[in-house]
There are 2 protein chains.
Amino acid sequence: MVLSHTAEDYLEQIYLLSLRLGMVKTSDIARELGVRTPSVISALKLLKNRNLVHYERYGAVTLSEKGLERARDVYERHKTIYRFLRFILGIDDEIASEDACGMEHFVSPKTLAAMKDFFAFLAWKKSQGLDIQSELRAFRKRGSHIPGGSITMTSESPEAQPLSAGKDNVLYTIVKLGGERGVKRRLLDMGVIPGETVKIQNRGPLGFPLEIVIQGYVLTLRKDEAEAVTVREA
Amino acid sequence: MVLSHTAEDYLEQIYLLSLRLGMVKTSDIARELGVRTPSVISALKLLKNRNLVHYERYGAVTLSEKGLERARDVYERHKTIYRFLRFILGIDDEIASEDACGMEHFVSPKTLAAMKDFFAFLAWKKSQGLDIQSELRAFRKRGSHIPGGSITMTSESPEAQPLSAGKDNVLYTIVKLGGERGVKRRLLDMGVIPGETVKIQNRGPLGFPLEIVIQGYVLTLRKDEAEAVTVREA
DNA sequence: GCCCCGTGTTAGGCCGCCCTAACAATATCA
DNA sequence: TGATATTGTTAGGGCGGCCTAACACGGGGC
């Protein structure tokens with residue numbers, strides 16, 4: 001069932017309030033979500049039509065079977081993200097909570113699963129005597145940031161060529177992106193954009209994939225991706 | 001300047017299209033964002049009123065100084081999240097891209113900074129001969145998930161007490177949450193909810209903070225937080 | 001120069017979500 | 001029990017964002 005983010009927020013909040021207070025009134029929901037009661041009422045009507053809540057005029061709000069399931073799901077996502085932000089990335093609880101509220105409606109099941117796996121992984125490493133969490137904390141405290149920084153140069157020099165034909169350890173300026181939509185999107189996602197400087201630092205056994213450095217990050221480009229990138233020597 | 005998420009999406013897309021195609025037409029934006037051209041037009045009017053884009057009837061769309069700045073910011077967030085999801089959590093590019101699109105409007109600067117630090121941390125560890133990234137990949141491949149699982153028991157037995165007065169290594173069922181709003185919210189964020197079973201497994205030198213186990217996760221509770229949790233022996 | 005076709009634009013409607021103002025029900029207390 | 005304060009609900013409006021349908025502009029073939 002497709003549900004708007006606000007609807008999910010209402011469900012989640014009803015769930016949490018029922019845990020905290022036992023019985024949920026419209027005004028509680030309004031206070032908690034920072035909206036006025038009429039907004040809550042109309043939201044409840046919508047949720048009732050979809051059989052997600054039980055609600056009669058002047059009565060208490062309760063979740064239906066389906067509503068409870070959905071609410072728990074949203075809350076589960078919230079918790080996972082919150083914990084991840086707070087205990088792995090080290091974000092303060094205020095901000096972690098806010099970020100989690102925003103992100104909980106967008107995070108895919110796979111990403112969520114990966115976050116949970118991450119916890120398991122850290123626990124496992126810890127049981128082996130390696131406390132990555134506290135090492136990371138210490139690392140951040142030392143104030144080490146991304147080393148190297150980005151090199152940005154724009155030159156008007158000679159021939160443009162596909163990056164796939166480039167040499168190792170030469171600095172290139174990206175001139176243009178080609179390729180079809182999927183490839184292009186992926187390149188842009190990774191930060192491969194015109195004007196940026198890039199270097200091939202390594203490659204796979206058959207010449208591909210390329211390991212490139214851009215803006216201080218190391219990325220891997222498949223052959224079709226490298227062919228879609230037009231560069232010029234910097 | 002406060003800007004809706006859709007407005008940010010438009011700016012970002014205009015930026016990316018200008019990088020890819022040089023000149024941006026309304027129809028390009030529509031195609032890319034999956035909306036119809038009239039929607040683009042009205043969005044552009046709004047952006048123009050805010051001095052974020054330059055745009056004349058039947059003309060090309062370009063970003064203003066301010067618009068470019070904002071677009072770069074959104075794109076920067078997108079990239080960081082995408083990279084984090086893809087290269088640290090190991091999500092496939094399709095899903096990572098979608099998730100990043102949703103999350104980019106909600107992630108706080110601190111969280112973003114923490115993600116970048118994480119990259120730096122991994123690079124540093126790698127330079128020390130420890131490749132956490134590939135270890136994590138291998139770990140996930142083995143299919144290890146959260147060990148232990150959650151224990152859920154509900155008993156109707158004796159006195160309720162604050163968790164702060166609890167003994168170590170005894171299983172408690174959470175009955176109720178008290179405390180003021182901030183504290184309650186934090187507890188709920190962490191998954192401390194009525195009905196759950198909890199155990200104190202360790203504590204700080206002066207009795208606090210408590211290290212508790214809930215649903216297989218280890219959390220730390222300050223004194224005020226522990227006092228707000230009413231429990232009963234399970 | 002004229003017509004036609006594709007593309008860009010305006011007009012106008014719908015829906016979700018929020019609001020304020022006014023009204024209805026309930027609770028409180030003399 | 002009836003007057004009053006509190007709380008909940010309906011009515012109606014605004015705004016953002018999307019749509020379709022209808023209209024305007026601009027370039028290519030003749």
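By convention in this document, chain letters (A, B, ...) are assigned in the order of the sequence lines, proteins followed by strands, and residues within each chain are numbered from 1.
Atom CD of A:E76 and atom CD of A:E104 lie 11.5 Å apart (nearest 0.5 Å).
In this structure, B:D28 atom CG and C:dG6 atom C1' are separated by 15 Å, rounded to whole Å. In this structure, A:I41 places its CD1 atom 18 Å from P of C:dG16, rounding to the nearest Å. We find that NE2 of B:H5 is positioned 16 Å from C1' of D:dC15, with the value rounded to whole Å. One can place CE of B:M23 at 13 Å from C1' of C:dT7, the figure rounded to the nearest angstrom. Note: CG (A:L44) to C1' (C:dC18) measures 15 Å, nearest angstrom. If you measure from atom CD1 of A:I29 to atom C1' of C:dC18, you get 16 Å, rounded to the nearest angstrom. Put simply, NZ on B:K25 is 13 Å from C1' on D:dG27, counting in whole angstrom units. Between the P atom of C:dA24 and the CZ atom of A:R57 lies a distance of 10 Å, rounded to the nearest Å.
One finds no salt bridge joining A:K66 and A:E69 here, because no Lys/Arg side-chain nitrogen approaches an Asp/Glu carboxylate oxygen to under 4.0 Å.
Counting only heavy atoms from C-beta on, B:P38 has its side chain closest to D:dT20 among D:dT20, D:dG17, C:dT20.
For A:R36 and C:dT20, the shortest distance from a side-chain N or O to OP1 or OP2 is below 4.0 Å. Applying the 4.0 Å criterion to OP1 and OP2 of D:dC19, one finds that B:S39 has a side-chain N or O inside that range. When the side-chain nitrogen and oxygen atoms of A:S42 are compared with OP1 and OP2 of C:dC17, none of them lie within a distance under 4.0 Å. Between B:T26 and C:dT9 there is a side-chain N or O to OP1 or OP2 distance below 4.0 Å. One finds a side-chain N or O of B:Y10 lying less than 4.0 angstrom from the OP1 or OP2 phosphate oxygen of D:dC18. Contact annotation: A:K45 side-chain N/O to D:dT9 OP1/OP2 distance is not under 4.0 Å.
A cation-pi arrangement is present between A:R83 and B:Y217, with the terminal nitrogen or guanidinium carbon under 6.0 Å from the aromatic centre and inside a 45° cone about the axis.
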Practice problem: May I have the step-by-step check of salt bridge (Lys or Arg N to Asp or Glu O under 4.0 Å) for B:R185 and A:E32, ending in yes or no? | Solution: CA-CA 10 Å; B:R185 209 219 52 231; A:E32 215 60 26; over 6 Å; no
Full working for salt bridge (Lys or Arg N to Asp or Glu O under 4.0 Å) between A:R77 and A:E8 | CA-CA 11 Å; A:R77 299 203 295 264; A:E8 280 196 345; 2.8 Å; yes
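Residue contacts for A:T37: at a heavy-atom cut-off of 4.0 Å it reaches a base atom on one of the strands shown.
Of the two residues near DNA chain C, A:Y58 and A:V40, the one whose nearest nucleotide lies more 5' is A:V40.
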